[in-house]
Amino acid sequence: MGTALSRPSTSDSSPSGLVFFRSAICAIAFATRRSSEKGCVQRIIPATRSVGLRCTMSEVLNNSDPVGDFMQQRLTWAQAACARAMRPLIRLALWVGLKHPQLEELLRELLIAEAQRLWRAKGVAEPNISQLAVTTGLNRKQVTARVRGSGPDPLLHTEMSAAAKTFTRWLQLAQEQPALRRLPVASQADALSFEEVARQASRGDVHHRSVLDELVRLGMCDEDRGWVELQADSFVPSADLQNTLAFLGDNLRDHAAAAVSNTAAAAAPFLERAVFADGLSADDCAAVHQLARERWNDLHREFVHTLTDAVERSRGSGSKRMRLGMYVYFEDQEGTGE
């Protein structure tokens with residue numbers, strides 16, 4: 001969706017009804033059209049699963065194929081959408097030095113992994129080589145070479161980060177009581193300590209000393225003579241490329257997953273909206289960016305409080321995970337590369 005006359009516009013991947021329709025007369029005509037010369041059915045096109053098509057009687061009489069045309073259009077549209085979404089990732093790949101062979105290998109592995117997921121969702125516990133080859137378009141040899149799975153993920157999954165969980169819990173407490181920005185490392189009588197915060201956040205899975213060392217390394221806090229003090233207001237480990245890439249991957253994955261789920265109507269629509277405008281000055285963009293940061297700080301506190309209460313009620317035994325956030329991006333209008 002583009003902008004008009006430099007006025008702000010909004011986008012929403014949540015489905016809000018059918019944009020196109022198919023004429024019932026058209027569907028029936030294609031399904032039952034008979035050759036007057038041979039007296040037999042010349043073409044039968046199922047009327048089911050044809051939502052999204054638009055055809056006219058002239059197309060019927062001219063022997064055109066709106067079903068095939070629409071399927072090709074769907075592929076073209078999806079390819080263009082993937083190109084837009086992937087362009088920043090290609091920029092990242094070139095920045096770090098990834099080359100075509102590595103990206104091609106990655107794409108093949110992802111195709112096979114997602115194809116396996118699709119077949120398992122249909123009740124096929126172990127999809128065979130032929131099924132995966134047909135679904136992905138790879139040949140059997142390529143599938144066989146990769147179906148055994150890839151190696152371990154070299155990036156930490158951010159939802160499992162004891163350092164991030166501890167920092168978030170500590171920040172929440174400090175926002176409620178500013179004096180708690182500075183804590184003793186070890187337990188002292190009835191006073192809250194970093195050790196206790198880390199134990200609560202990680203559920204005792206990671207020793208507090210390891211968590212503290214990581215937070216100090218990332219510049220999130222300082223340690224001095226048995227005390228620690230917060231030095232950041234958000235967990236943004238910009239000094240650590242591995243952690244930064246882990247957050248990039250997880251955040252973009254879940255944002256894209258919400259949009260794809262909405263587009264495919266795979267589940268109840270997720271919230272996935274944006275406001276966009278053009279014709280702005282650099283100062284305008286900076287002001288809106290600052291406004292978004294301020295709003296996010298308030299939302300962040302509310303979300304952390306609500307989610308913390310939910311985890312404590314369920315004692316962490318729930319089967320679902322959740323990620324929600326906010327983003328801002330601006331650039332020169334010719335910067336999209338499209």
Side-chain angles (χ1 to χ4, degrees), residues 13-15 45-52 67-68 70-72 74-79 81-83 85-86 89 93 98 101-162 165 202-203 205-206 245-272 307 310-311 313-324:
S13 70
S14 308
I45 298 178
T48 59
R49 300 188 64 79
S50 59
V51 173
V67 174
F70 177 71
M71 293 303 294
Q72 183 56 51
R74 289 208 325 167
L75 296 178
T76 302
W77 296 337
Q79 187 174 10
C82 287
M86 291 174 64
L89 297 180
L98 285 175
Q102 295 160 310
L103 293 173
E104 183 179 38
E105 180 74 13
L106 172 64
L107 181 58
R108 288 175 178 174
E109 290 179 357
L110 291 175
L111 280 169
I112 292 172
E114 282 299 299
Q116 290 173 322
R117 185 187 65 81
L118 288 173
W119 279 104
R120 286 166 183 158
K122 293 179 179 181
V124 180
E126 292 297 332
N128 60 43
I129 300 300
S130 296
Q131 290 169 323
L132 296 176
V134 170
T135 302
T136 62
L138 299 172
N139 61 47
R140 291 173 57 87
K141 183 178 179 180
Q142 291 171 323
V143 173
T144 302
R146 294 167 177 81
V147 75
R148 295 178 179 85
S150 57
D153 192 335
L155 292 179
L156 174 71
H157 291 279
T158 55
E159 60 267 23
M160 299 171 61
S161 169
K165 291 178 179 179
S202 67
R203 300 188 177 277
D205 293 336
V206 182
L245 289 174
F247 276 97
L248 180 151
D250 283 351
N251 289 342
L252 288 185
R253 176 202 61 203
D254 285 356
H255 190 166
V260 170
S261 177
N262 289 348
T263 302
F270 291 102
L271 174 64
E272 201 276 321
L307 291 172
V311 171
R313 283 196 305 271
S314 67
R315 297 183 179 180
S317 62
S319 62
K320 300 292 186 181
R321 69 173 186 88
M322 187 177 195
R323 187 184 301 263
L324 60 161

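Both backbone and side-chain heavy atoms feed into the values below; hydrogens, waters and symmetry mates do not. Keep in mind the model is a prediction, meaning the values are calculated, not measured.
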* Structure fact -> Rounded to the nearest 0.5 angstrom, the CZ-CG distance for F247 and L252 is 13.0 Å
* Asked: Does T136 have any side-chain contact (heavy atoms from CB on, under 4.5 Å) partners at least two apart in sequence or in another chain, and if so, which?
  -> L111, A115, L138, V143
* With side chains defined as the heavy atoms from C-beta onward, is the minimum distance between E105 and R146 less than 4.5 Å? -> yes
* Partner residues of R321 under the side-chain hydrogen bond (donor to acceptor under 3.5 Å, both in side chains) criterion, sequence neighbours left out -> D254
* Would you say the side-chain atoms of T135 pair up with the backbone N or O of L132, donor to acceptor, closer than 3.5 Å? -> no
* Nearest heavy-atom pair of P269 and N262: which atoms, and what distance? -> CA-OD1, 3.3 Å
* Asked: Looking only at heavy atoms, what is the nearest atom pair of Q142 and I112, with distance?
  -> O-CD1, 4.3 Å
* Do S202 and K165 have side-chain heavy atoms sitting under 4.5 Å apart? -> no
* Would you please name every residue forming a side-chain contact (heavy atoms from CB on, under 4.5 Å) with A93, sequence neighbours left out? => L98, L103
* To do: Measure the spacing between CZ of R323 and CG of D250 and express it to the nearest 0.5 Å.
  => 4.5 Å
* **Residues that Q79 engages under side-chain hydrogen bond (donor to acceptor under 3.5 Å, both in side chains), provided they are two or more places apart** => none
* **Donor-acceptor under 3.5 Å (S261 side chain, A257 main chain)** => no
* To do: Mind checking side-chain hydrogen bond (donor to acceptor under 3.5 Å, both in side chains) for N128 and listing every partner two or more places apart, or none if nothing turns up?
  => none
* Asked: In chain order, what residues pass the side-chain hydrogen bond (donor to acceptor under 3.5 Å, both in side chains) check against E114, with sequence neighbours excluded?
  -> R117
* **Taking every non-hydrogen atom, the tightest pair across R120 and A125** => NE-O, 3.2 Å
